[in-house]
Structure formats: structure tokens, C-alpha cells
Amino acid sequence: MFKSQSELLVAAVKTREFNPQVCDPRLPPRLLLCVPEEIAIASMARTFFVGGNWKCNGTGDDVKKIVSMLNEAEVPPEDVVEVVVSPPYVFLPLVKSLLRSDFGVAAQNCWVRKGGAFTGEISAEMLVNLNIPWVILGHSERRLLLNESNEFVGDKVAYALSQGLKVIACVGETLEQRESGSTVAVVAAQTKAIAERVLNWDNIVLAYEPVWAIGTGKVATPAQAQEVHTELRKWLHENTGPEVAATVRIIYGGSVNGRNCKELAAQPDVDGFLVGGASLKPEFIDIIKSSTMKNNN
């Protein structure tokens, strides 16, 4: 007897040909690949995850207003959606002290090893000391602007996990890479650099963020997002095992807003969002509420 839908899903993918796609008539014909019914049902066991990345924005007063908005919002319960917000480092203690208890807090980055003579860096140990449970690592803005390599990001993920942090690990391709047809190869290489250094994926959320859609107003279509998420889950199955593939949450980021969130959330392998600019606005509540789309399908 299975104790949970997650256990059912793991058992199913261990014994059958794996394909993370469910039969969804809204998808293009080339994506209509089916799995056994029990796998489609059990995939709902992955709790929807919505992260808000505030980036380098806000003053103390701004932060208080955003937190007040979040605290007053009526959103689905924790068993339906897990919400984590990520303010700039200097506001972490303030947000931690004011934010409602059912929402989590994440840092936007941390250093690759124990602290020391690394001017301007924040160590994982410091975040643990502040009781900050989550950290975002590998965001494209750091990969591109600060030249963080796949290997460096993999090392950061491994070290953060070793210190007890949970990690939102970001992957994604540039517009040039997408147009050249190398999207899957790029995100696979980024994910491989993490998998080579990590054995336990229980505390990792994988965020697919196409670089060309971040802050541009452009957004991957639901079918494009689902296609890449499918490939990522297939890669995890082939390279880390069926249990990881079945249970790891793969979320989408890239100009997610209140208008497009429901259609994206309805995709079977989109397990949530990492939201940028919209996380500073009231529409972030609508994005959180889009988690109910999983229960409606």
C-alpha cells in the first residue's frame, strides 16, 4: 500500500517506460505523449511552488508595503502551494520578522564555500545563522553579468545544501542558443553540473528561466515551457534516477504575470514559478492563486 501519491509515482516510473508527459489535448500533436494513468494522477503530488525574486529593488518602506500586501492576501493553503519570497540581503531580517508564517524567505545568492576574505560575499553559514531556509543560485543575471560558470554554480549548490539550505537552482538558454536549436543541450549541461555534485535532490527546486524571457515582457508559450520541462524531467530520469525525476519540482520563470500564469500553471510539468518584477506588485497574489489550476485539471 502506498502512503502517498509521490510513492505511487516513484513505483510507477521504476517499473514502466518513463515519459513525464500526460495526455493533454491542449498541447501540440508532437507533444501528445502519454504515461499510465496512475503516473498522471500522482504527478499532482508535487506541491506547487511560487518564488518571488525581488532582485535589487526597494527601500525599507517599500519592503514593508510589499510584506503588508502579502500578509493580508487570501491564498491557497500550504498543502496546495509553497510560497517563498527573496528580498535583497539587507532586508532579509526585516522580511523574516514581519512576513506571515506560512511563507518562506530566500536569499538571492551565497558564496561557494565557507566565509573569509571574500569582500562583498554572503556565506551559507550567515544565512543559516539568520534562519533563512532558502537561497537562489545560478540565476542567469549572475551567470551572464558575473560570468558564473556551470561548474561554479554546481559547487555553490552543493555547498549550500551541505550547510542545510534549500536551493532554487536556475537554468536557462539565451535567445541565440534557442534560435540555434541548442536549448535542451544548454539546460542539460547546466543541470549536469549540479547532478555531478549532488546526490540528494530533496531540497532542490529546479527553475527553468529562458534568458530571453526575463524582464523583456516576452514569455515562453505554455507549450514551449512544457516542452523544456519535459526534457529536463527526462534528463533527470536518465541521469539521476526515477525517484528524482518523479518528485523534483521544475518551475518556470520569465515574465510570468497575472495574465499568463493560469495557462502556464495548467501544464503538467510546470510545478510553479519564479517571479521577478510581478512579485513586487499585487498581481503576485494572482500568480500564487494560479496554483489551484493543478486541482482543476
Shortest non-hydrogen contact from [X] toward [Y]:
X	Y	value
Gly258	Asp286	CA-CB, 4.4 Å
Lys96	Pro133	NZ-CD, 4.3 Å
Ala213	Tyr252	CB-OH, 3.9 Å
Ser279	Trp54	OG-CD1, 3.3 Å
Cys110	Leu165	SG-CD1, 4.4 Å
Cys170	Ile136	SG-CG2, 3.8 Å

Any donor-acceptor pair under 3.5 Å from [X] side chain to [Y] backbone:
X	Y	value
Ser86	Ala106	yes
Ser123	Trp111	no
Thr230	Gln226	yes
Arg100	Ala73	yes
Asp271	Ile250	yes
Lys55	Gly277	no
Arg113	Tyr159	no
Thr174	Gln177	yes
Ser255	Val219	no

Would you give the length of the straight line joining atom [atom1] of [X] to atom [atom2] of [Y], rounded to the nearest 0.5 angstrom?
X	Y	atom1	atom2	result
Leu92	Ser97	CG	OG	11.0 Å
Ser101	Glu78	OG	CD	7.0 Å
Gln267	Glu227	CD	CD	11.5 Å

If you count heavy atoms of other groups shown closer than 6.0 angstrom to CG of Leu199, is the number above 12?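 Not more than 12 within 6.0 Å, no.
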
Polar side chain donor-acceptor pair, [X] to [Y], under 3.5 angstrom:
X	Y	answer
His139	Gln108	no
Thr59	Asp62	yes
Asn109	Lys156	yes

State, yes or no, whether a side-chain contact exists between [X] and [Y] at a heavy-atom distance under 4.5 Å.
X	Y	answer
Val275	Asn257	no
Met69	Pro282	yes
Val157	Arg197	no
Tyr89	Leu130	yes
Val83	Val75	no
Asn203	Val167	no

Please verify the inter-ring angle class for Tyr208 with His229; under 30° counts as parallel, over 60° as perpendicular, anything in between as tilted.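 Because their plane-to-plane angle is over 60°, the rings of Tyr208 and His229 count as perpendicular.
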
Pairwise side-chain hydrogen bond (donor to acceptor under 3.5 Å, both in side chains) hits with a residue in residues 185-196, at least two apart: none

Apart from Trp212 itself, which Ile, Leu, Val, Met, Phe, Trp or Tyr residues share its cluster (side-chain heavy atoms under 4.5 Å, direct or through members)? Leu175

Among Phe48, Phe49, Phe284, which residue meets the ring pair (Phe, Tyr, Trp, His ring centres under 6.0 Å) test with Phe273? Phe48

Before you tell me yes or no, could you show the steps for Arg46 and Asp269 under salt bridge (Lys or Arg N to Asp or Glu O under 4.0 Å), namely the whole-Å CA-CA distance, both residues' side-chain angles and the distance that decides it to 0.1 Å? CA-CA 10 Å; Arg46 295 190 297 268; Asp269 281 291; 3.6 Å; yes

State plainly whether one hydrophobic cluster holds both Leu161 and Val248, where clusters connect Ile, Leu, Val, Met, Phe, Trp and Tyr through side-chain heavy atoms under 4.5 angstrom apart. yes

